[in-house]
Structure formats: C-alpha cells, structure tokens
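In what follows, a structure is listed as structure tokens, so that the remarks can point back to it.
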Amino acid sequence: MPFSRRTAWSRHENALTGALASARAGGAAVLDLTESNPTRAELFDARALVATLGHERGVRYEPEAFGHAEAREAVARYYGERGVAVPAGQVVLSASTSEAYGWLWKLLCDPGDEVIVLAPSYPLFSFLSDLEGVRLVTVPLSERRGFRLEIGELEAALTERTRAIVLVHPNNPTGTFVHPADRALLVAIAAERELALVVDEVFGDYAFDDALVARPPTFAGETRALTFVLSGLSKVVALPQVKLGWLVVAGPEALRAEALARLELVADTYLSVATPVQRALPEILAARRSVGDAIRARTRANLARLDAALAGRHEVHRLAMDAGWYAVLAAPGVPDEERFVEQLAAEQHVLVHPGYFFDFPVAGRYIVSLLTMETAFAEGIARLLAALAQSSRS
Ligand SMILES: Cc1ncc(COP(=O)(O)O)c(C=O)c1O
C-alpha cells in the first residue's frame with residue numbers, strides 16, 4: 001500500500017476506551033473526570049464572542065503570511081498587560097499551537113533530527129513529531145523534587161542531532177512552572193549549544209496564586225537563546241473551535257531575524273488562519289480576563305473540593321502544582337494503574353487518566369481535570385477515592 005511509515009501508528013483501541021464504550025452502551029452515565037474541552041464545561045456564554053466572527057470586515061481576503069497587523073498587535077498587548085514588552089513584529093499567527101509546532105519542526109529539523117521533551121508531558125508531542133519525521137527524545141523530570149530538571153539526564157540525552165528542547169510552562173498535566181534555576185540552566189545550555197527553546201505557555205493564565213495570574217512567568221522576553229513561545233485562543237479564552245494560535249519569536253537579534261525570515265515562507269505556504277478570527281482578535285482577547293475568571297473560579301472550587309475529600313487519607317495524596325486545568329493524584333499502593341482505571345470505568349462509571357498516558361516516570365498516578373462540572377466532579381472524586389481505598393487495601 002502506498003502509505004508512509006510515519007503514519008503507520010497502532011490504531012488499536014485501548015482497554016480503557018473499550019471499558020468506557022461498554023459502560024456507555026449498557027446505559028451508564030459516565031462521570032468524565034478527564035473533561036478538558038472547555039466548550040462542554042458550561043463555563044461562560046461564548047455566543048457573543050463567536051458572533052464577532054460574522055462581522056462584514058471578514059468579507060475581504062487580504063492575506064498576510066504572519067497575520068494581520070491588528071491581530072499581531074493584540075497578541076503583543078496581551079504580553080504587555082502581563083508585564084513583558086513583545087513587539088508585534090515578533091508575533092506569528094497560526095491556526096493552533098499544534099500547527100505552530102509543525103512549522104517549528106520544519107524550521108528547525110531535518111528528518112531524523114531530535115527534539116527533547118521533559119516528561120511527564122503532553123501526549124500529542126509524539127504525533128506532532130512523527131508527522132514531521134522528527135525523533136522525540138524524552139527526558140524524565142524528578143517528581144520527588146517537584147518536577148525539577150535532572151541536569152545529568154538532560155546532558156545524557158543531548159546529541160549532535162538535537163535541535164530543540166520543549167518546555168510546557170506550566171506543564172500539562174503536572175501544573176508546574178519551570179523552576180527559575182532550571183530556566184537559567186536551560187537558557188545557558190540552549191545558547192551555548194545553539195539549540196532552540198520551544199516554550200508552550202497555553203496554561204500560563206491559570207495559576208492558583210493571584211500574584212502569578214497578574215504576572216505569570218513567561219519566556220516571551222528571553223534574549224539569550226533562540227526561543228519560541230506558543231499559546232493561543234484554545235486556552236487563553238477557552239475557544240478551541242475558533243482556531244487561532246500564535247508563536248512569539250524571542251532571543252538574540254540575528255537568530256530571531258533569520259528565524260522570522262524563514263518562518264515567513266513557511267507561514268506563507270499555508271496561509272491557514274481564517275480572516276474573520278484575525279479581524280475579531282482584538283475583541284476576542286479583550287474578553288480574556290472575564291473568561292479567565294470563570295475558569296479560575298471552576299478550577300479553584302474543584303481543587304478545594306478535591307483537597308477536602310483527600311483530607312485524612314493516607315493511601316492517596318495530591319501532588320503540588322502551581323497552575324493549569326489538571327490535578328495529579330498519587331496512590332502508590334494500588335498494584336496496577338492500568339487495570340485500576342479500566343475497572344473504575346467499567347464498575348464505577350468514572351473516567352480518569354492513568355499516569356502512563358503522560359509518561360510519568362513512576363506508576364500509581366491518576367490525572368483529573370479541574371474543568372469538570374462541579375457536581376460531576378464531587379461525585380466522581382468520591383467514587384474514585386473509595387475505589388482507591390479499596391484497591392490499596394486488597
Ligand atoms: C500543552 C498543550 N499545548 C497545546 C494544546 C493545544 O492547543 P491548540 O488547540 O492551540 O492546538 C494543548 C491542548 O490541550 C495542550 O495541553
């Protein structure tokens with residue numbers, strides 16, 4: 001058959017998906033504690049924001065490789081309001097951060113070149129890399145030290161084919177920001193070895209500490225190493241369906257200029273961002289505070305509920321985090337994480353993600369989404385904790 005090796009992925013349904021499908025086929029109402037689609041979480045009324053796409057300004061097509069000036073300026077203002085000056089000329093619009101990753105791997109890597117990701121992390125990276133013929137090299141973070149970098153592990157993974165290090169900041173699903181000392185090391189390594197830092201800050205607005213909400217740590221002002229900061233509307237205003245992401249090119253002037261010149265041709269080849277969303281971007285981004293407040297209210301209420309339910313339990317605890325939409329539970333006494341989540345779906349009709357989906361270096365980790373509707377979250381957590389207590393005993 002005339003198909004590429006890069007698309008020869010295994011398409012077998014995993015046992016968890018099977019257990020879930022049978023529970024639903026049997027009429028069970030499954031409590032989905034993995035819900036990360038904000039448009040299903042009843043957070044706010046998005047109709048007025050989506051209606052901005054219907055404005056007549058979207059009638060004319062005047063393509064610009066990096067996006068329309070007013071849209072790039074709106075993104076630059078977003079960083080300015082968070083305390084970092086980003087010139088609009090360093091902003092590149094794409095249809096999503098996933099697309100921006102694809103463009104960056106084309107910009108930085110020849111087939112067979114390597115990018116490093118720090119695990120646990122976002123599962124889509126393996127597909128995004130396979131699609132560009134790029135080899136993904138995983139370096140484990142130290143959970144014991146709060147998901148800090150193990151410098152020895154990173155150095156052992158660097159080869160002459162390494163082109164970039166990916167940082168998810170704050171990380172998905174651990175919710176941890178890159179520690180300032182690790183950041184200094186990573187910037188120094190990238191500058192010295194002429195590597196790029198690719199920093200995914202999609203969850204940057206969702207800190208649990210209000211001081212960090214006002215001024216989240218960002219790499220968008222980085223000057224020492226070539227740095228690409230990724231974000232977009234999927235998380236910033238919880239509108240993944242409108243399809244607009246961006247990347248900010250930062251770092252030393254000469255590298256930045258060369259990166260932008262090459263990216264311009266990449267972006268011009270696709271011209272993938274729809275005109276209506278670019279024209280509406282200043283209005284859409286103006287809603288980011290109220291949307292952010294609604295999401296932070298949900299994640300904080302669910303986190304408080306989770307912590308109350310965990311109080312006094314010895315067999316399970318929550319890992320510390322700074323930000324994001326997820327919480328990670330550690331229950332080391334449950335013998336088989338994979339079997340546990342399958343049984344939980346089949347018998348308790350509760351869906352959680354097992355840590356191995358995200359490459360956790362140790363077993364017995366369970367990920368829940370704090371975006372889940374509050375009553376479903378409370379009931380789902382009660383069933384999850386009861387099942388963990390039961391499995392830890394037996
Ligand atoms: C870390 C991370 N980056 C990027 C994305 C996806 O963003 P987009 O919809 O812009 O491709 C997600 C979505 O969950 C994510 O978790």
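One-based numbering, in listed order, for ligands and for the atoms of each. Side chains included, hydrogens not; waters and symmetry mates left out as well; all remaining heavy atoms used. For the single chain, residues carry numbers from 1 onward in sequence order.
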Atoms in ligand 1 flagged as close to K235, the criterion being non-hydrogen separation under 4.0 Å: 12 (C), 13 (C), 14 (O)

Pairwise side chain to side chain donor-acceptor pair (under 3.5 Å) hits with a residue in residues 40-50, at least two apart: E35-R40, D45-R47

Those atoms of ligand 1 less than 4.0 Å from some heavy atom in V168: 1 (C)

Validation row, ring centre F228 to ring centre W103 under 6.0 Å: no

Proximity flag S98 to ligand 1, non-hydrogen atoms under 4.0 Å: yes

Distance from atom 3 (N) of ligand 1 to nearest protein heavy atom, with residue and atom: D200 OD2, 2.6 Å

Enumerated ligand 1 atoms positioned under 4.0 Å from heavy atoms of F203: 16 (O)

Under 3.5 Å donor-acceptor, R298 side chain and L371 backbone: yes

Taking atom 8 (P) of ligand 1 as the reference point, the nearest protein heavy atom with its distance: T97 OG1, 3.1 Å

Ring centroid separation F125 to Y122 under 6.0 Å: yes

Partner set under side chain to side chain contact (heavy atoms under 4.5 Å, CB included) for A274, not counting sequence neighbours: P276, V277

Electrostatic pair E153:R145 at N-O distance under 4.0 angstrom: no

Numbered atoms and elements of ligand 1 in range of S234, under 4.0 angstrom, heavy atoms: 8 (P), 9 (O), 10 (O)

Atom 16 (O) of ligand 1: nearest protein contact (heavy atom, Å): N172 ND2, 2.8 Å

Distance from atom 5 (C) of ligand 1 to nearest protein heavy atom, with residue and atom: Y122 OH, 3.3 Å

Side chains of L329 and L384 in contact at under 4.5 Å (non-hydrogen atoms): yes

